[in-house]
Asks: 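Starting off with a structure, shown below.
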Amino acid sequence: MISYKVSTFNPHRHFISFEAVFPAQNRNSLRLQLSAWRPGRYELGNFSKNIRTWSASDMNGKALAFKKLNKDLWEVQCNGLNEVKIRYEYYASELNAGSTFLDEEQLYINPVNCFFYNPESINESYDLEFVLPADFQIACGLEKVNRHKLHAVDFDELADCPLIASATLKHLEYAVDEVIYHIWLQGDVKIDEPRLINEFLAFTKSQIKIFGDIPCREYHFLFHFTPYFIRHGVEHHNSTVIAMGPAADFQGDGLHKDLLGISCHELFHTWNVKNIRPVEMMPYDFTKENYSRLGYVYEGVTTYYGDLLLWRSGAINDLEWFQAVDERLQTHFDNVGRFNLSVADSSFDTWLDGYGPGIPWRKVSIYNEGFLIALICDLFILRQSNCNFSLDNVMKDMYEVFGKKSQGYSEMDYRSLIHKYCGEISDRIFNELVNGTSDYFDFLQEVFSLAGLSLNISPSPKWTEANLGLFVEETNQRVAVISVLPDGPADTAGLWPGDEIVAMNGIASYKNMQLLIRMNDAPWKLEVLRKGKLFTLNLNTDGHIWAKRFRLQRIEQPSSSQLNIFEKWKFG
C-alpha cells in the first residue's frame, strides 16, 4: 500500500503539496517514476517540470540521499528500510481538461500528472487523503473511503481517475441499465438541467445499443465551466473531464450543442481506447512514447460517432449533421498535407510534433481524416450488407473480441473486421486512404451517392482564399497569414505562414482586407512584416479558383435503396 497526503496551503500560489509513503521492502534503493505523458494526449507532457522541493526521508524524518536518473525518474537510497517518505510540490496554474489546477475555489487533479509510482511494483494500491476545507466535496471515479479519502487498486486506476474538489460542485445524475451516470458541474454557469439530462440519456442509450453494456460500474462527467473560451475534453476509464467556456454563452444554443458533442465523444472513448485499445498501449508504458498508427481508429472513429450519435438520438437534426460533415470535408480539402503524409503515419507522428499544425503542408489529423474514413467505411458496409450491418458491428466485434478480453488489437485485426463487413473495397480504403495519400474525393462522392446525397462545390466565400490561395486571420488589428496553397498567387508572390500583412496599396489592411482587396484592381502592393523586417510584395490573380467550399445536400429524388441506406445510417 502506498499512502498519499495531498494538501492545499496558500491556494492562490497554485502549489499543491504532496507527501507519500512508499514500501521499500528492505531494499538498498527505490526508484520512483513520474509519468512522461498522459493517456488521451499522445505526446510527451514532461510533467516533472512542474515539481519543486523534492525530498526523501525515513519515517522519523531523517533525510535520505537521492538522485535524479532522468527527467522524471528518481532513485532514493533506502539503506534496508521498510518504508520511504517523499515530499514535493507541484505547480498547478493551468486549467484545461488534462491538466492539474489549484486556486481558492477548487482543487482539480489529473493524477497521471503528479503522482509517483514504483515501476517495479506498479500494481501496488494507493490510499489518498486530502487536506481540504470542511465544506469541499470530491467528485471522482475512485472508491470513496470517506468524504476526503479515496482508494485506488493500482497505479493504472489512479492515473485514470481525475478529481475535482470544491465547495461549489453541483451534482446531477441519470441511469441507464442500472448504471448511474453522474454529472458534476464546477463553475458559474446557468444551464437547462432537464434538457441536459434528457439529451445525455438519449446519446448514452444510443451507445449502449451498439455495445450492449458499458465496461464500468458507474460513470462521471466532470465539467469545468470557465469565463474564457475553451473547448477541451479528455477520456478516462469511468469518467471524463470537459472544460468549456465562456460559461455565459450557455444561454445560447451553440455552446450547448458543443457541450453535447464533446460529451458524446468522450463517453464513446470509454469503449474505444480505454477498453478497446491498440496492442502498443496494452498496457500503457508511462515512461516513454507509445507509438501507434491507429489514431484514425481510437480518435477518428470516436470523433465520427461523437457527432453521428447526436444525430441518431435526435439532439441534432439533418441539417446540423450535414454541417458537422461539411466542417470535416472543408478542413480536409483545405489541408495540402493530405498529399504528403497518410493518416496512419500522422498518428505515429503525434509523438513527434504533437497536435499543432506542424510545418506547412506536412500532415493530416487523426481526428478529421479518421472521421472521414469511418464515414466511408460505414456507408460502404451499409451498401455491401443491404443495410443489415454497419460500422456499429465492427465496433461491437472489437469490444467482444478485444475489449472484454483485455487484449490489444493490431492494425491487421481492425482491417480484417472492416474487410469482413465491407468486402474488397476495404483493401483500397486502407491502401489508398489509411496508409496512402490518395485523394479522398472519389470515395466520398461514391458513398454520399449511396445515401442519396451530393456534394455541392463552389468557390470559397472568402475572396482571398478562392482567388489567391491565401488564408489569413484578422484579429487584434493584425492580418496574419495562416497558410497558402502551393503554386497559388499568394505562394508565387512570396507570402508564407507567419507573415503579417500590414498594408495594401498604402491602406492599413486590418481595417478589412477582404473588402479592400476586392475594391482595388490587381496587382496589389502589399507591405509585409516578416521576422521584424518590412518589405513589399506584388500580388496578382491568375483566374484559377484555388479554394472551394464543400456542402452536403440531399438529392431531389432518391431511389428506394438510397432512402433505405440514409434511414439506416440515421437511426442505426
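Only this structure's heavy atoms are used, side chains among them; waters, hydrogens and symmetry mates stay out.
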Asks: Specify whether W37 and Y42 have parallel, tilted or perpendicular ring planes, treating 30° as the upper limit for parallel and 60° as the lower limit for perpendicular.
Replies: tilted
Asks: Pairs in or reaching into residues 59-71: which pass side chain to side chain donor-acceptor pair (under 3.5 Å), with residues at least two apart or in two chains?
Replies: N46-K71
Asks: Without swapping roles, check the side chain of Y174 against the backbone of I183 for a donor-acceptor pair under 3.5 Å.
Replies: no
Asks: Does atom NZ of K404 have more than 12 heavy-atom neighbours from other groups under 6.0 Å away?
Replies: yes
Asks: Output yes when a side-chain donor or acceptor of N118 lies under 3.5 Å from a complementary backbone atom of L32, and no otherwise.
Replies: no
Asks: Report the residues that fulfil side-chain contact (heavy atoms from CB on, under 4.5 Å) with N275, sequence neighbours left out, ordered by chain and then residue number.
Replies: P215, Y399
Asks: Do you know which two heavy atoms are closest between D378 and S390, and how far apart they sit?
Replies: OD1-CB, 3.3 Å
Asks: Which atom names give the shortest non-hydrogen contact between V241 and Y108, and what distance separates them?
Replies: CG1-OH, 3.5 Å
Asks: Would you check if the side chain of W271 reaches a backbone N or O of M398 as a donor-acceptor pair within less than 3.5 Å?
Replies: no
Asks: Could I get the full list of ring-ring contact (aromatic ring centres under 6.0 Å, His included) partners for F130, not counting sequence neighbours?
Replies: none
Asks: Specify whether H171 and W184 have parallel, tilted or perpendicular ring planes, treating 30° as the upper limit for parallel and 60° as the lower limit for perpendicular.
Replies: tilted
Asks: Is any side-chain N of the basic residue among R231 and D258 closer than 4.0 Å to the acidic one's carboxylate O?
Replies: yes
Asks: Let me see the working for D72 and Q33 under side chain to side chain donor-acceptor pair (under 3.5 Å), right down to the final yes or no.
Replies: CA-CA 6 Å; D72 40 36; Q33 177 76 49; 3.0 Å; yes
